[in-house]
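The block underneath contains the structure these notes are about, expressed in structure tokens.
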Amino acid sequence: MTENKRKKSFSVPSAYTILFLLIVTMAILSWIVPAGAYNVDQAGEIISDSYHTVANNPQGIWDIFMAPIIGMVGNETTEGAISISLFILVIGGFLGVVNKTNALNDGIEVLVHKYSKQKKMLIPILTILFALGGSTFGMAEETMAFYPLLIPIMKALGLDAIVAVAIPLVGVQMGNIAATVNPFATGVASQTLNISMGEGLISRLILLAINLSVAIWYIYHYASKIEKDPQKSLVYSTKEASEPSETEQAPGGKIPQLSSGQKRVLWIFALTFVLMVVGLVPWQTINTEWTFFDSFAEWLKNVPLLGSIIGQDIVAFGNWYFNEITMLFLAMAIAIKFAYRIPEQKFVGYFMEGVKDFVSVAIVVALARGIQVVMDAGMITDTVLHWGELVLQGSNKVVFTVATYIFYLPMTFLIPSTSGLAAATMGIIGPMGEFAGVASDIVVSIYQAAAGLVNMLTPTSAVVIGALQIANVNISTWWKWAWKLALLLLLISCSYFVILTLI
């Protein structure tokens, strides 16, 4: 009698498990690491060289399980994640309503069919659109809807599945590498460091333009090469990946017609992110004379009746933070309800479905903030910062910049959730940057660039694996295609940040 023994294959733990284990680890360290604290000035900023030891406060089992709770609501020592978690839930509701109108999917499909005869024109147009999605609202999982559409179209146009995968996957990650107002990356990281998402926006826009141009050129160059010689396709020998299957439709089928309601939804969708950017940019820090938004807000408040109807507590553009942008997405979701004429009960259902899809992200943020809660309560946060200060003594900005970028490469592999990674690490890395003379907004940009690069390649990303499975492309083939681009982006990002810190 023989027995079939199944070998247990190793699987990477979920972000939840990794973050909870980090909370446990920090609690254990609170029994070992000496407690300490820095003096702070009136603005709450840490005073360098003011570290001193204090009485130990080791964290127990009660504290471990309370950490995620306090991580959400906050206490006297650690700010809670409730504002960013609520924003994530509301933006989930907003996207849930938008997706039910099918405006985004149909809009991109119309664009694909429109430029099908100029096939390679689709590469820059669609890559830019996906990059804008990644840079603004953290588009990632949403791209899964487009692979079944793009793969047969690209194959029928004489290209291959790699091009079809690269356009959404690389495009979105170019946006994430230089995220401008991405709530799940820029938002969480900025809130952890108590800075506005608008800080560093201009430098991130420049990096976005550089990296996006390089990525478009890389995809376009590969597409041109296989157009001339199909045998140069990396999936040429794989019939399923290089030829359209019987079930795949070539372009030329029924083209969706955007309804007037869908067009209104797209306009509202675009306006929402424009208003978000304008509201978050600290205009007076760019130019002290740019007070037009503040002046307009004051004028509006003083207009008889109109000022009272709009509200005396209106906040001028340039001074917005999470409360204001959360309000914006809620208001715009309601605007879409009326623009698309969605019945009230269906609207609430669509909104709550979207909220449900983002609950996991909101919980991850709170769980990750729990790490900071345990470290702060155990009085070891400042000790770790002090050790970092000692290590960084004598090192220049360049060393810290490159070291931080390298640090986030393996960390992203372990914690693919950008929001979880930011909440778990920014509370330590940000202050270390201050010791090294690197501004907080640059630290945020470094984290985003490293995370975006890894999430374009990592097998721990459901988006990467899912896209490749749909396309029947092996991940080793994807790495073979993408490694040169990844190396190029790494060099560009590191060089850019070094120059930024030296300016």
Side-chain angles (χ1 to χ4, degrees), residues 104-105 107-180 182 185 204-227 233-234 251 266 269-270 273 448-449 451-457 461 463-464 466-468 470-471 473 478 481-490 492-493:
L104 281 177
N105 286 10
I108 290 181
E109 192 168 350
V110 167
L111 197 63
V112 167
H113 281 85
K114 181 178 179 180
Y115 289 95
S116 61
K117 292 183 180 179
Q118 297 109 348
K119 51 187 174 183
K120 286 191 294 185
M121 278 299 296
L122 285 171
I123 293 174
I125 293 173
L126 292 178
T127 306
I128 289 171
L129 285 177
F130 284 116
L132 290 175
S135 183
T136 53
F137 68 94
M139 189 180 197
E141 289 83 0
E142 296 84 354
T143 59
M144 299 304 292
F146 298 108
Y147 297 109
L149 169 67
L150 288 175
I151 290 168
I153 287 175
M154 289 299 157
K155 292 178 185 177
L157 293 175
L159 303 177
D160 67 7
I162 287 182
V163 175
V165 170
I167 291 173
L169 182 55
V170 174
V172 161
Q173 293 308 329
M174 291 308 99
N176 288 325
I177 281 175
T180 49
N182 179 340
R204 291 196 292 270
L205 282 171
I206 295 171
L207 181 61
L208 175 62
I210 295 171
N211 283 343
L212 188 53
S213 299
V214 171
I216 290 172
W217 167 82
Y218 192 86
I219 300 170
Y220 197 94
H221 176 72
Y222 175 77
S224 299
K225 184 171 65 174
I226 63 173
E227 183 184 35
S233 168
L234 294 180
L266 289 175
F269 183 84
F273 286 96
Q448 291 183 156
L453 180 66
V454 173
N455 281 329
M456 186 177 73
L457 305 169
S461 168
V463 177
V464 173
L468 295 177
I470 292 171
V473 174
W478 174 250
W481 178 85
W483 77 268
K484 291 180 182 177
L485 174 61
L487 180 60
L488 194 56
L489 293 172
L490 185 151
I492 290 172
S493 295

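Only heavy atoms go into these numbers, but all of them, side chains included; no hydrogens, no water, no symmetry mates. Positions are given from 1, in the same order as the sequence printed here.
Every residue two or more places apart in sequence or in another chain that forms a side chain to side chain contact (heavy atoms under 4.5 Å, CB included) with Leu490 is listed here: Tyr405, Leu409, Leu453, Cys494. For Ala185, the side chain to side chain contact (heavy atoms under 4.5 Å, CB included) partners are Asn182, Thr418, Tyr447, Gln448, not counting sequence neighbours. Ser135 is linked by a side-chain hydrogen bond (donor to acceptor under 3.5 Å, both in side chains) to Thr180, counting only residues two or more places apart in sequence or in another chain.
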Could you give the side-chain donor-acceptor pairs of residues 210-221 under 3.5 Å, partners two or more places apart or in another chain?
residue: Ser213; atom: OG; partner: Ala209; partner atom: O; Å: 2.7
residue: Tyr218; atom: OH; partner: Trp481; partner atom: O; Å: 2.5

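The shortest distance between side-chain heavy atoms of Gln173 and Asn176 falls below 4.5 Å. At least one side-chain heavy atom of Val170 sits under 4.5 Å from a side-chain heavy atom of Leu485. The side-chain heavy atoms of Ile177 and Met456, taken from C-beta on, include no pair separated by under 4.5 Å.
Going from atom CG of Leu457 over to atom CH2 of Trp478 covers 8.0 Å, rounded to the nearest 0.5 Å. One distance of note links CG of Leu169 with CD1 of Ile162; it measures 11.5 Å at 0.5 Å rounding.
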**OP:** Assess whether side chain to side chain contact (heavy atoms under 4.5 Å, CB included) is satisfied between Ile226 and Val163, documenting all intermediate values.
**Re:** CA-CA 10 Å; Ile226 63 173; Val163 175; 4.2 Å; yes
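The two residues Leu208 and Gly175 come nearest to each other via the heavy atoms CD1-CA, 3.9 Å. Across all non-hydrogen atoms, the minimal contact from Ile123 to Ala223 is CD1-CB, 3.6 Å.
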